[in-house]
Amino acid sequence: QVQLMESGGGSVQSGGSLRLSCAAFGSTYSTYCMAWFRQAPGKEREVVAAINSDDSTSYADSVKGRFTISHDNAKNTLYLQMNSLKPEDTAMYYCAADWLCRGLGSTDFGYWGQGTQVTVSS
């Protein structure tokens with residue numbers, strides 16, 4: 001099985017930047033589907049960005065042009081570079097992974113990290 005651990009969250013002002021990391025431990029494979037989700041209090045969990053082993057990426061409309069997802073195969077680490085942060089980006093961010101991309105819903109991913117908090121102030 002695979003264990004995921006997020007890091008890099010914190011508190012920043014509007015317009016600031018953060019880089020989230022998700023390290024994978026245990027059994028890993030050359031093929032994968034990984035994604036970042038976020039959930040704010042009182043709201044549904046939503047996908048932010050996704051990437052597969054072919055480097056194909058997908059972004060939520062709300063973060064296009066501001067966030068960049070990438071993966072370092074040598075380090076088995078997923079990243080999310082977040083620029084021009086807005087207060088509405090405030091949420092708990094989760095790393096999710098599976099060996100095959102079936103969809104972008106939370107039920108499409110079998111492995112999850114514990115989450116890292118991102119807070120953006122006005």
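As a basis for the values below, the full set of heavy atoms in this structure was taken, side chains included, without hydrogen atoms, waters or symmetry mates.
One finds the CG atom of D55 at 10.5 Å from the CD1 atom of I69 (value rounded to the nearest 0.5 Å). Separation of atoms CZ (R45) and CE (M92) is listed at 9.5 Å; rounding is to 0.5 Å. The CD atom of Q13 sits 13.0 Å away from atom OG1 of T119, with the distance rounded to the nearest 0.5 Å. Note: T68 OG1 to R19 CZ = 10.5 Å, rounded to the nearest 0.5 Å. Separating the CH2 atom in W36 from the OH atom in Y94 is a distance of 12.0 Å, to the nearest 0.5 Å.
For the 3.5 Å distance criterion, the side chains of N83 and S17 qualify, holding a donor opposite an acceptor.
Side-chain contact between S56 and I51 is absent, with no heavy atoms from C-beta onward closer than 4.5 Å. With a 4.5 Å cut-off on side-chain heavy atoms, S121 and P87 do not count as touching. Within the 4.5 Å cutoff, no side-chain heavy atoms of L20 are placed close to those of E6.
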| task | Could you walk me through whether Q117 and T90 pass side chain to side chain contact (heavy atoms under 4.5 Å, CB included), step by step? | result | CA-CA 8 Å; Q117 180 67 40; T90 296; 4.1 Å; yes
| said: Before you tell me yes or no, could you show the steps for L100 and T31 under side chain to side chain contact (heavy atoms under 4.5 Å, CB included), namely the whole-Å CA-CA distance, both residues' side-chain angles and the distance that decides it to 0.1 Å? | reply: CA-CA 7 Å; L100 179 68; T31 58; over 6 Å; no
| request: Step by step, work out the side chain to side chain contact (heavy atoms under 4.5 Å, CB included) result for V48 and F67. | output: CA-CA 9 Å; V48 176; F67 292 8; 3.5 Å; yes
| said: One pair to check against side chain to side chain contact (heavy atoms under 4.5 Å, CB included): Q114 and L4. What are the steps and the verdict? | reply: CA-CA 8 Å; Q114 82 288 350; L4 305 175; over 6 Å; no
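Hydrophobic clustering keeps Y79 apart from L18 (ILVMFWY residues linked when any side-chain heavy atoms are closer than 4.5 Å, directly or through intermediates). Following chains of ILVMFWY side-chain contacts shorter than 4.5 Å, one cannot reach V47 starting from V63, and the two form parts of different hydrophobic clusters.
T116 places a side-chain N or O within donor-acceptor distance of the main-chain N or O of G9, the cut-off being under 3.5 Å. A donor-acceptor distance shorter than 3.5 angstrom exists from the side chain of T77 to the backbone of K75, with no hydrogens or angles considered. Remark: the backbone N or O of D98 is not paired with any side-chain donor or acceptor of R102 at under 3.5 angstrom.
Taking K43 as the reference, A40 meet the side-chain contact (heavy atoms from CB on, under 4.5 Å) condition, with sequence neighbours excluded. Residues satisfying the ring-ring contact (aromatic ring centres under 6.0 Å, His included) criterion with Y32, sequence neighbours excluded, are H71. The ring-ring contact (aromatic ring centres under 6.0 Å, His included) search around W99 returns none, not counting sequence neighbours.
For residues 100-122, the ring-ring contact (aromatic ring centres under 6.0 Å, His included) pairs, not counting sequence neighbours, are F37-F109, F37-W112. Under the disulfide bond (SG atoms under 2.5 Å apart) criterion, the residue pairs touching residues 83-122 are C22-C95, C33-C101, with sequence neighbours excluded. For the salt bridge (Lys or Arg N to Asp or Glu O under 4.0 Å) condition, the pairs that include at least one residue of residues 30-39, sequence neighbours left out, are R38-E46, R38-D89.
E88 CD: more than 12 foreign heavy atoms inside a 6.0 Å radius.
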